[in-house]
Amino acid sequence: MTGVAEHFDLLIRNGIVVDGTGLPRRRLDVGIRDGKVAKFAHLAEATADEEIDAKGCIVAPGIVDPHTHYDPQITFDPYATVSCFHGVTTVLAGNCGFSVAPCKAEDREYLKGIFARVEEMNPIALGAVRWDEFETFDEFLQTRKGRLGINFACYVGHSNLRRWVMGDDSHRRAATEDEVRQMRAMLAEALEAGAAGLSSSAAAVHMDINGDPVPSRLAERSEFLALAEELGRFGKGSITFLPASSIGGLNEEDKDYLIELGKRSGVPVIIQGLGGRNKVDAPTATWEASVEFLDRATAAGAPVYSLLISRPFDRPVVFSPECPHYAAVASWHAMMRLPKAERDAMLRDPAARDEMRQAVENYNRDPKKGTILPPPLWTALFVDHVANDRNAGLQGKSVAEIAEETGKSPGDVVLDLLLDEDMATEFRWRTETPEWAEAVRVAQQDPRMIVGVSDGGAHLAKDDAADWSSYFLRSWVLDRGAWTLEEGIR
């Protein structure tokens with residue numbers, strides 16, 4: 001018996017539905033009403049304002065990107081471009097301890113400087129943010145109502161709380177008990193307004209535009225634990241945190257600290273790079289010990305999760321004043337910024353060459369002397385395009401491979417090529433190796449590893465990895481078969 005035909009805003013017909021629960025795929029229609037999925041069924045008699053024929057296609061839920069920095073961009077780009085082009089329909093922003101709000105009017109330039117320095121956002125783009133529309137976190141969220149093209153959630157940044165309460169002292173000293181109470185009250189207000197939780201960073205790579213530590217790095221552990229307790233009062237959201245030892249490998253002290261944060265808050269604690277030598281490394285160095293730590297945290301009722309970079313780096317590298325990859329290698333960083341005559345003289349100077357030959361392998365590891373973010377390893381740096389035809393045979397080879405063939409050190413290979421081609425050689429930083437692939441294959445099977453991950457909205461001069469979701473489905477699900485399609489989408 002048929003009744004009145006159902007009507008939908010949108011009907012997606014004839015597709016194969018993979019619904020995200022892990023259930024087997026089904027050939028069904030999807031009816032959408034008021035922006036939400038209203039029905040999975042055979043809807044032959046239904047009508048709609050708009051229809052899509054999905055014959056031959058998979059119909060699946062949108063992808064959630066749990067680590068982005070779209071909170072500045074979302075104020076003038078409601079679709080979170082370019083993540084939206086890769087199936088992402090939900091983004092979590094405000095990571096790494098800084099968010100676009102709360103921010104007093106007099107602190108806007110300071111906050112712009114953090115976004116520009118840490119997340120390498122273009123000052124011109126930051127100038128497009130409508131800072132005058134909000135100061136508090138609640139005001140920021142209110143400005144987004146009716147103006148979003150994706151689902152948007154945002155953490156409140158620990159550095160923002162400190163800056164609001166402590167001003168310039170926020171990146172100079174620990175907070176007083178009264179200042180911590182004020183930060184707790186601000187966090188509570190943000191959570192009431194709809195914040196996704198709290199983000200923070202103790203990582204030595206995070207500096208403001210003046211070269212000072214970002215405010216969250218000056219917080220004593222008692223301060224952050226007090227904020228975690230405030231989260232516990234609400235019982236929702238999560239903590240996303242970059243511990244100090246995330247660059248170099250998580251130490252036992254930080255492991256205990258993460259478990260305590262989970263106990264105090266009662267919410268998941270999300271970190272980066274677990275098992276790797278640094279926060280952007282594959283989990284190859286200490287994976288077995290990492291699983292033991294995750295098991296210990298779970299047993300303690302303090303679940304810890306780690307973001308997992310499941311798509312390898314593939315970044316252009318050009319040795320120029322704008323190159324961001326060698327900031328931890330003082331001599332190379334300085335060489336790229338010299339006038340041509342001085343630079344060529346440096347590249348020919350035996351004493352300078354002696355230092356530079358091994359400098360990349362011995363990059364800075366002392367936070368007091370500047371950034372400690374590792375540069376590209378010679379095994380991962382490939383010649384992508386040469387300027388002189390006589391060097392054409394080098395294209396596609398890694399620097400390490402060329403060094404082995406020529407009997408030179410890898411440093412000399414690059415220095416000679418830069419001198420020969422007047423710095424015009426183009427390289428690529430590619431991290432995929434058999435070791436990387438096997439490590440990521442194993443790690444992503446642990447349910448406490450969160451597959452991803454991008455820095456959407458940031459690092460556009462490098463590679464924000466906003467296409468990680470397309471890579472995951474293509475490479476790990478379809479090509480490598482690490483997951484069934486149903487499980488991969490789930």
Side-chain angles (χ1 to χ4, degrees), residues 3-23 25-55 57-94 99-101 130 133-134 137-155 190-197 236-238 452 454 456-457 466-470 473 486 488-490:
V4 177
E6 289 188 271
H7 185 79
F8 299 93
D9 299 329
L10 172 65
L11 260 177
I12 305 174
R13 295 190 184 276
N14 305 318
I16 298 175
V17 174
V18 179
D19 66 8
T21 66
L23 288 173
R25 65 198 76 181
R26 293 168 284 166
R27 190 176 294 280
L28 290 172
D29 303 324
V30 181
I32 297 170
R33 189 183 295 123
D34 297 328
K36 297 181 180 180
V37 173
K39 200 166 191 177
F40 291 134
H42 294 295
L43 301 171
E45 298 179 4
T47 60
D49 296 336
E50 181 183 358
E51 292 193 12
I52 296 174
D53 185 354
K55 185 178 180 179
C57 296
I58 298 293
V59 182
I63 292 161
V64 178
D65 191 332
H67 185 98
T68 79
H69 294 278
Y70 278 121
D71 38 319
Q73 183 176 325
I74 205 74
T75 65
F76 57 85
D77 168 23
Y79 300 103
T81 308
V82 294
S83 289
C84 61
F85 299 146
H86 295 278
V88 171
T89 56
T90 299
V91 298
L92 273 76
S99 48
V100 77
R130 290 299 305 272
E133 292 184 343
F134 55 84
F137 197 88
D138 183 32
E139 288 170 346
F140 166 58
L141 292 186
Q142 292 299 324
T143 66
R144 296 304 94 213
K145 286 188 176 180
R147 299 164 71 179
L148 289 171
I150 59 163
N151 301 311
F152 175 77
C154 190
Y155 292 103
L191 292 169
E192 287 281 7
K236 66 177 184 178
S238 56
S454 84
D467 62 342
W468 70 267
S469 50
S470 293
L473 291 172
E486 288 83 353
I489 288 174
R490 183 187 65 80

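- In this view, I489 and V18, I58, A60, P61, L473, L485 satisfy the side-chain contact (heavy atoms from CB on, under 4.5 Å) rule, not counting sequence neighbours.
- The side chain to side chain donor-acceptor pair (under 3.5 Å) test applied to S238 returns Y155, not counting sequence neighbours.
- F134 pairs by the ring-ring contact (aromatic ring centres under 6.0 Å, His included) definition with F140, not counting sequence neighbours.
- Remark: R27 engages no residue in a salt bridge (Lys or Arg N to Asp or Glu O under 4.0 Å) (not counting sequence neighbours).
- Listed by chain and number, the residues in a salt bridge (Lys or Arg N to Asp or Glu O under 4.0 Å) with E133 are R130, R144, R147 (sequence neighbours excluded).
- Residues passing the salt bridge (Lys or Arg N to Asp or Glu O under 4.0 Å) test with K39, sequence neighbours excluded: E6.
- Residues satisfying the side-chain contact (heavy atoms from CB on, under 4.5 Å) criterion with S83, sequence neighbours excluded, are D65, Y70, V88, A466.
- Legend: salt bridge (charged side-chain N to carboxylate O under 4.0 Å, His left out) pairs involving residues 68-94, not counting sequence neighbours: none detected.
- Qualifying side chain to side chain donor-acceptor pair (under 3.5 Å) partners for T143, counting only residues two or more places apart in sequence or in other chains: none.
- Checked by atom type, the side-chain pair S470/H86 shows a donor-acceptor distance below 3.5 Å.
- Shown here are the salt bridge (Lys or Arg N to Asp or Glu O under 4.0 Å) partners of D19, two or more places apart in sequence or in another chain: R26.
- A search for side chain to side chain donor-acceptor pair (under 3.5 Å) contacts involving D53 returns N14, not counting sequence neighbours.
- Under the rule for a side chain to side chain donor-acceptor pair (under 3.5 Å), E192 has no partner lying at least two apart in sequence or in another chain.
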